[in-house]
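Inspection log for the structure reproduced underneath, given as structure tokens.
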Protein chains: 2
Amino acid sequence: MLLVARVPPGTAYHAGVDSSLKGTLHQRGLRMTPQRQLVLDAVRDLGHATPEQVCSQVQAIAPAVNITTVYRTLDLLEQLGVVRHAHLGHGAPTYSEHQHRHVHLVCHRCGRVDEAPVDMMSAIAERASDEHGFRLDATHVALSGTCADCQRTEDAESETDTAEEVRG
Amino acid sequence: MLLVARVPPGTAYHAGVDSSLKGTLHQRGLRMTPQRQLVLDAVRDLGHATPEQVCSQVQAIAPAVNITTVYRTLDLLEQLGVVRHAHLGHGAPTYSEHQHRHVHLVCHRCGRVDEAPVDMMSAIAERASDEHGFRLDATHVALSGTCADCQRTEDAESETDTAEEVRG
DNA sequence: GTCGATGCAAATTGTTTGCATCCTA
DNA sequence: TAGGATGCAAACAATTTGCATCGAC
């Protein structure tokens, strides 16, 4: 199978990054494949991405890669601790590099995702631990709310609005 | 259609609760139906419940009610402000009465859901607002982490464990 | 009687599984 | 060349939509 288009010598995708993945895989008796590298590259390039989005990115380079492989590879990379997933709302989980640790603020109106430093949650983490014995993972689930722009939009709407949203 | 089994007179389910729903519906030109009352009752009885769970509960009384109707009714009741939904992990949203406002702590290991008062998040809400212009809805998305029991389990496991989880 | 609500079937979307083939080590 | 990885098709689960029928007002 011709997986990727030919590239000039010396321009390996993310030259050097694959060495660690290869090592991590081999340590566990697993195999390095072009697909696995491409999925990892895609996750790194995209920041946060759903399996679907990762698949599109991978297929831009290697159209034959199947979405099934993307799902399996994301699961694997997560078990290896190379990537992690977070729930940024609605349903679709998004994958990012494991080091990518932020608190996510997702606007439930427009979907925009903002990031805040994890230590923003340290006070809550402490209370959760003290009062509930609960060890918080502040980065796994996004906080939901309304972004500044959408608050303005809502304010503007409520002026004109005569509470007739339901019919339809 | 025979919607519900016959019941002794005077034992209406949640006698009296439907009056407000009926009124709310009529205000908007919408109609009161037994299905709508049953869905609302189910949400109230169950605390948090997925559409699937609401459907089962409703069907225990009225087997002919279709899950499509449950979805549509939950959406409607949410628009009316009678119920709200929250994301308690993985994918399935759960519905509860609108007044039900807690911060949810979900264990990603065993799925257990704990509840904490909303004011637990007030410090974060303020920071989100000040630093990001973001209006936080602390109750919409659950916080993810590890519950006390599962922390003990993990500690116990890591003693025996020799890091060989990946191979399949 | 009118038009909103329901039930049913089918379409959609997101994800998983079985299995034959392929290819890394 | 042995067994892990992939691709493909099909199974699944959760949710939505089209449409004819039903029933609240």
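Everything numeric in this text was worked out from a predicted model, so none of it was measured. Below, each value reflects all heavy atoms present in this structure, side chains not excepted, and no hydrogens, waters or symmetry copies. Letters A, B, ... mirror the listed sequences (proteins, then strands); counts begin at 1.
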- Query: Quick one: is A:N66 getting a side-chain N or O under 4.0 Å of the D:dT6 phosphate, OP1 or OP2?
  - Reply: no

- Task: Consider the side chain of B:H26, meaning its heavy atoms from C-beta on, and name the nucleotide among D:dC25, C:dA9, C:dA25 that approaches it most closely.
- Result: D:dC25

- Message: With a 4.0 Å cutoff (strictly under), does any side-chain N or O of B:Y71 reach OP1 or OP2 of D:dT15?
- Response: yes

- Message: Does this structure show an ion pair linking A:D149 with A:R112, if we count only N-O contacts that are shorter than 4.0 Å?
- Response: yes

- Using atom CD of B:E78 as one end and atom C1' of D:dT15 as the other, report the distance to the nearest whole Å. 15 Å

- Task: Please report, rounded to the nearest Å, how far the P atom of C:dA5 is from the CG atom of B:L21.
- Result: 12 Å

- Under 4.0 angstrom between A:R36 side-chain N/O and D:dT6 OP1 or OP2: yes

- Note on the structure: Ranking A:T68 and B:T68 by the position along DNA chain C of their nearest nucleotide, the one closer to 5' is B:T68

- Query: Are side-chain N/O atoms of B:S96 and B:R101 paired as donor and acceptor at under 3.5 Å?
  - Reply: no

- Message: Any carboxylate oxygen within less than 4.0 angstrom of a Lys/Arg side-chain nitrogen, looking at B:E154 and A:R135?
- Response: yes

- Task: Report yes if a side-chain nitrogen or oxygen of A:T33 is closer than 4.0 Å to either non-bridging phosphate oxygen (OP1 or OP2) of D:dT6; otherwise report no.
- Result: yes

- Message: Could you tell me how far apart B:Q79 (CD) and C:dA5 (P) are, to the nearest whole angstrom?
- Response: 11 Å

- Item | B:H48 and its ring pair (Phe, Tyr, Trp, His ring centres under 6.0 Å) partner, picked from B:H100, B:H102, B:H87 | B:H100

- Whole angstrom value for the distance that separates C1' of D:dA5 from CG of A:L38: 14 Å

- Item | Length of the CD1-C1' vector between A:I67 and C:dT13, whole Å | 10 Å

- Message: Rounded to whole Å, please give me the gap between NZ in B:K22 and P in C:dA5.
- Response: 14 Å

- By nearest nucleotide on DNA chain D, pick out whichever of A:T69 and B:P51 is the more 5' one. A:T69

- Which nucleotide in the set D:dT17, D:dG4, D:dG7 lies at the smallest distance from any side-chain heavy atom of A:R72? D:dG7

- CG of B:L25 versus P of C:dA5: gap in Å, rounded? 8 Å

- Note on the structure: Of C:dA9, C:dT15, D:dG4, the nucleotide closest to the side chain of A:P93 is C:dT15

- Message: Please report the distance, rounded to the nearest Å, between CE in A:M32 and C1' in D:dG3.
- Response: 19 Å

- Under 4.0 Å between a Lys/Arg side-chain N and an Asp/Glu carboxylate O for A:D155 and A:R152? no

- Query: Is A:Q35 near enough to D:dG7 that one of its side-chain N or O atoms lies under 4.0 angstrom from OP1 or OP2?
  - Reply: yes

- Minimum-distance nucleotide to A:R31 side chain [options: C:dG14, D:dG4, D:dC19]: D:dG4

